[in-house]
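Dropping a structure here in structure tokens format, bear with me for questions.
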Amino acid sequence: MQRRHPPDGDLQALLDHELGPVRRLRLRLHLRRCARCAGRYEEIARANADAARLLSWIGLTVDTAEAWARFQVLSGRRAGRPTIPLIARLVVPAVAGAVAVASYMAWPRPYPAADLSPADLLEWIGEAVNDIVLDLCCADYDGGGLPDDGLLTLNGPGEVVKLVVVYEDLDKNRAFSAGDLVRYVSTRPTR
Amino acid sequence: MGIRRLFERHYPAVVRFLYRRLGDRDQAEELAQEAFTRLLDKRLRRPTAWLYTVAANLARDAARGEAVRARRLQVLAGELADAAEPSPEQELMREETSQRVRAALLSLSERDRLLLLLREEGLSYREIADVIGISPTSVGPLLTRAQRRFVRLYHDATTETRDAASASS
């Protein structure tokens, strides 16, 4: 219950729909019981209406379409540029990220190359690969900090590059050989 | 909200706000365009309050100085006198009334004037508080006083004009 008489500011806020539901209800109950405050409220409402009526004498109408066209010219057409809504700015990278992850997951997985020997590799690729096109050794292809890795590109029927392999030149002969270890195979080759 | 939607929603109100503040339509449109141009590169949580803050600052700069204010009042007085020329009665009354309203508005303090004009354009108490730099809880009481002063100033001006008219006749 409203115990004291509300100040003008509260009555004004009530009039302007700026009070929360509880205060609004309390004030309305008070106004029902207090003739003096109801009179003050009426007086404030009258001043409010009078001020609005007076200001309407110096109102004007504005042609927004014409103003927008002028604004585009004045702002060097920057205003005409389509803006990307916030939701799109958030959703597009998220979707792109999800697609990238899904694509990565769906891509034929590299052979679990750890401990794969060159002999295992040759068995695995079978006849899908004809020959080694390039054997580059040695550099730090795996980021391990040592220039002890080699890079193979292998071709197959109808394809210049069928497979890419990164190996570790364990036997230090600076070429892909039986004593090396395959670290990475780009994909399972198919005929 | 995109700049176009903001423009369509607020441009007429900002122009009206500036026009009521300055009394010059061309200047009001020019300053409103300037305010929206400044808004272009901003990403704001409350663009409405920002827009009116810029508009109010532009208007204040435009109307700065007692000389400017005095000159405007002189012009208004001249326009009131000119309005006495024979013309259709309704048009004359309309012109006189709008001049008196403008004079009453100009007689208010800057803060009272802003309170009235911003509220008239439908800004919330929070937005008004942001523009003027006061607490939202102060808006209600200050607005009540500003409205009363404004209405009283207008009625005083009307009474003076009526008295002057009856004295001269």
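All chains are named by letter (A, B, ...) in the order of the sequence lines, taking the proteins before the strands, and each is independently numbered beginning at 1. What you see is a predicted model; the values in this text were computed from it and never measured.
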Should A:E18 and B:R126 count as an ion pair when the cut-off is N to O under 4.0 Å?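 No, A:E18 and B:R126 are not salt-bridged.
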Heavy-atom pairs under 4.5 Å with chain B: which of A:G59, A:A13, A:A67 has the most?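 If we count pairs closer than 4.5 Å to chain B, A:A67 comes out on top.
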Chain A interface, residue from B:E8, B:E34, B:R25 that has the most non-hydrogen pairs under 4.5 Å: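 Answer, by heavy-atom pair count under 4.5 Å with chain A: B:R25.
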May I ask you to decide whether B:R16 forms a salt bridge with B:E121, counting only side-chain N to carboxylate O separations under 4.0 Å?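 Yes, B:R16 and B:E121 are salt-bridged.
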Under a plain distance cut-off of 3.5 Å, with no hydrogens placed, do A:D16 and A:Q12 share a side-chain donor-acceptor pair?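 The answer is yes; a qualifying pair exists.
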Would you indicate whether the side-chain heavy atoms of A:I58 and B:L105 approach each other to under 4.5 Å?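 Yes - at least one pair of side-chain heavy atoms lies under 4.5 Å apart.
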What residues of residues 46-54 of chain A sit under 4.5 Å from chain B when only non-hydrogen atoms are counted?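 Result: A:A47, A:N48, A:D50, A:A51, A:A52, A:L54.
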Please examine the side chains of A:L152 and A:L136, heavy atoms only from C-beta on, and report whether any two atoms are closer than 4.5 Å.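 They are not in side-chain contact.
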Which portion of B:F36 sits near chain A, non-hydrogen atoms under 4.5 angstrom: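 For B:F36, backbone and side chain are both near chain A.
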For chain B, find which of A:L60, A:D63, A:I44 contributes the most heavy-atom pairs closer than 4.5 angstrom.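 Ranked by contacts with chain B, first place is A:L60.
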Quick one: side chain to side chain contact (heavy atoms under 4.5 Å, CB included) partners of B:S109, sequence neighbours excluded?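 B:S109 satisfies side chain to side chain contact (heavy atoms under 4.5 Å, CB included) with B:R111, B:D112 once adjacent residues are dropped.
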Does the distance from a Lys or Arg side-chain N to an Asp or Glu carboxylate O, for B:E91 and B:R94, drop under 4.0 Å?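 Yes, this pair counts.
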For the pair B:F7 and A:F71, name the ring-plane relationship: parallel under 30°, tilted 30 to 60°, perpendicular over 60°.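 Parallel.
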Checking B:Y154 against chain A: side chain, backbone, both or neither under 4.5 Å from a heavy atom?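 Contact with chain A is through the side chain of B:Y154 alone.
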